[in-house]
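Heads up, the thing below is written out as structure tokens.
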Amino acid sequence: AAETVAHVSVVLDLPHNTAHLIGQARYVRAEAKTHLSLNVVDFDAAAAAPFAQVLSPMTALAIPVGGQVHAVIDNDGQVLSGDVDLLGEHGQLVLPDYYPVPLAIQSIAFKLHFTNAPQHLVLDRMALDLGDARLSAVGTADFKGPSVALDAHADVYGIPLARFDALWPHGMAVGGRDWVTAHIPDGIIKSGTVHIVASGTTNDSASIQTTVDGAFDYTGLEVHYFPTLPPIRAIAGHATFDAAHMDLSIDSGMLGDLAVSKGMAAITGLDQDDREIAIGLTADGPLKSLLSILDMPPLGYAHDLGLAPDGVGGRLNLRTNFAFPLVKSLLFKQIALGVKGTLDGVAAVGVVGPRDVTDGMLNIALDKDDMTLDGTARLSGVPVGFNWRESFITTDKVRSRIAFHAEPDEADRAALALTAPDPVALTGKIAVKGDVTIDRAHTTTLDATADVKAADIAIDKFGGFDEIGRAHV
């Protein structure tokens, strides 16, 4: 006969379950090959590896599966080609080099086909459900002796950052893994793509060279950028990455009650020992909230300025940039910081003695060394323009330099408690400008001039006023 057909029915008593293999084997004499077709029930996928080296990746799947298997086998028992279509539930992914603790699998469905000469495996599709995260993948694997080359594309969905330490393979993009798992404890990767290319030898995991790149969308991230400062929460955006870099766009987020938007973060050196992150973002919200953060250690800026955050009002719109190395124990001196923007409706209690500031419209520039505030405000209701430069460098002898100008009339001067002494009567506007400096010992120096061309001055010599007209000073 040209063909011989045998029916196959095998019951395997495996350590954790009983598997059934039911089907037929058809031997074609002209080909000297056996065509095997099996229906599989509750078969532990890890046990499939002895069939051929090409199936060795399946040793990682410790999960009972069911479905169909087709194979072509030669007279020497070599699997020449075949295809697999299987579904499994409630098992584990066992890859000790990448997962010291096996990864629990809710379900897996995969379809693949392979050839033996050359040994080439194609993953046509795989759907993996980890309970809270899902993955679908396609890829190829080529084997030549102990050498292996892999190329895989995966789509991921619903990955919780709280479980990243368990889900992110050890040894893959180590720098990014260490920092992300330590500093981003919450959030969801809504969807993403990953491309992995690897090559090496199966008997030496250290020889395997891997390249990784991809992109993902995220929401609800919580990022702890410095231990003593509040985290940025509810971050939503998009990211791209490879083994050396990760670039994140920040569409929205919250720093306390400050709204964060138009942000970017660039992480570099993920493939090196020295890794850094540079962050730029726009913050909008209450000025009080920013001052509260700036007053926290190790910053202490509000304290240095003599401002109590609870006594300050107004809103801000700032562009903030900072950069620092990605180390577990970060020191403040390792952080580069820069802030520029506008402050609107600024109000503060007791800024100059008992006098309050209101209606401030200011530009601000701030870094670790100094701060500049420039604009206009009302001091006790009187319009004042000023430029304030504050040094945070303790070796600078002068900490504050404030240039100001105003044109108060008699009502303004009364509001400022700056009325002329008896026997002088002063009416009209006075153009005043000056400079105030304050040193580290809190010694204050005032250098000011007053232009009274537009004012009327009268001096009471004998109990009555003697008009002296418009004085020129």
Side-chain angles (χ1 to χ4, degrees), residues 183 223-235 237 248-267 276-326 330-348 351 357 360-377 386-394 396 399-403:
H183 294 86
V223 178
H224 294 251
Y225 51 94
F226 193 80
T228 61
L229 300 178
I232 305 176
R233 304 179 188 272
I235 303 173
L248 302 96
S249 65
I250 302 172
D251 298 332
S252 61
M254 297 298 296
L255 177 58
D257 55 0
L258 298 174
V260 172
S261 64
K262 301 176 183 177
M264 56 72 59
I267 303 175
E276 296 184 348
I277 185 170
I279 302 174
L281 50 84
T282 296
D284 185 89
L287 177 57
K288 171 185 173 181
S289 299
L290 176 65
L291 284 176
S292 297
I293 295 171
L294 292 178
D295 207 32
M296 295 178 179
L299 302 176
Y301 289 145
H303 175 78
D304 288 345
L305 296 174
L307 296 175
D310 288 341
V312 176
R315 295 191 65 82
L316 59 86
N317 184 271
L318 302 177
R319 186 67 185 176
T320 301
N321 295 281
F322 50 102
F324 50 86
L326 296 180
L330 182 66
L331 302 176
F332 181 63
K333 66 180 181 181
Q334 296 174 288
I335 301 176
L337 172 68
V339 177
K340 288 186 178 182
T342 59
L343 310 179
D344 184 14
V346 176
V351 175
V357 167
M361 300 287 289
L362 309 174
N363 298 312
I364 184 173
L366 171 73
D367 58 28
K368 291 171 63 178
D369 293 337
D370 53 44
M371 178 203 70
T372 300
L373 282 175
D374 180 73
T376 61
F386 66 92
N387 179 280
W388 175 6
R389 299 190 65 185
E390 186 79 10
S391 173
F392 303 126
I393 302 174
T394 56
D396 285 351
R399 59 178 294 173
S400 305
R401 292 178 173 85
I402 305 171

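Computed from heavy atoms alone, side chains included, the values below leave out hydrogens, waters and symmetry copies.
Taking the side chain as every heavy atom from C-beta outward, Leu373 and Asn387 never approach each other to under 4.5 Å. When side chains are defined from C-beta on, Thr372 counts as touching Arg389, because their heavy atoms get closer than 4.5 Å. Inter-residue side-chain proximity for Asp369 and Phe392 is flagged as unmet; no heavy-atom pair is nearer than 4.5 Å. Side chains of Phe332 and Leu299 form a contact here, defined as non-hydrogen atoms less than 4.5 Å apart.
From Asn363, atom CG reaches atom CG of Asp374 across 6.0 Å, with rounding to the nearest 0.5 Å. Separation of atoms CG (Leu258) and CG (Leu316) is listed at 5.5 Å; rounding is to 0.5 Å. Separation of atoms CG (Asn317) and NZ (Lys340) is listed at 14.5 Å; rounding is to 0.5 Å. Here the straight-line distance linking atom CD1 of Ile279 with atom OG1 of Thr320 works out to 10.5 Å at 0.5 Å rounding. One distance of note links CG of Leu287 with CG of Leu291; it measures 4.5 Å at 0.5 Å rounding. Rounding to the nearest 0.5 Å gives a distance of 7.0 Å between CG of Leu362 and OG1 of Thr376.
Nearest approach of Leu331 to Phe226, heavy atoms of both residues: C-CE1, 4.1 Å. Nearest approach of Ser391 to Asp396, heavy atoms of both residues: OG-OD2, 2.6 Å. Of all non-hydrogen atoms in Pro230 and Ile293, the two that sit nearest each other are CG-CG1, 3.9 Å. Scanning all heavy atoms of the two residues, the minimum distance from Val223 to Ile235 falls at CG2-CD1, 3.5 Å. Between Val357 and Ala377, the closest heavy-atom pair is CG1-CB, 3.8 Å. In this structure, Pro297 and Leu229 approach most closely via the heavy-atom pair O-CD2, 3.8 Å.
Taking the centre of each ring, Phe324 and Tyr225 stay at or above the 6.0 Å mark.
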Side-chain atoms of residues 308-315: list all donor-acceptor pairs with protein atoms under 3.5 Å, sequence neighbours left out, distances to 0.1 Å.
| residue | atom | partner | partner atom | Å |
| --- | --- | --- | --- | --- |
| Arg315 | NH2 | Asp284 | OD2 | 3.2 |

Would Leu318 and Leu366 satisfy side chain to side chain contact (heavy atoms under 4.5 Å, CB included), going step by step from the backbone distance to the final call? CA-CA 10 Å; Leu318 302 177; Leu366 171 73; over 6 Å; no
Applying side chain to side chain contact (heavy atoms under 4.5 Å, CB included), run through Glu390 and Ser400 and close with a yes or a no. CA-CA 5 Å; Glu390 186 79 10; Ser400 305; 2.4 Å; yes
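In this structure, the side chain of Lys368 does not engage the main chain of Gly338 through any donor-acceptor pair within 3.5 Å. At least one donor-acceptor pair under 3.5 Å links the side chain of Asp367 to the backbone N or O of Asp370.
Annotation: side chain to side chain contact (heavy atoms under 4.5 Å, CB included) contacts of Lys262 (sequence neighbours excluded): Thr282, Arg319.
Judged purely by distance below 3.5 Å, without hydrogens or angles, the side chains of Ser289 and Asp257 pair a donor atom with an acceptor atom.
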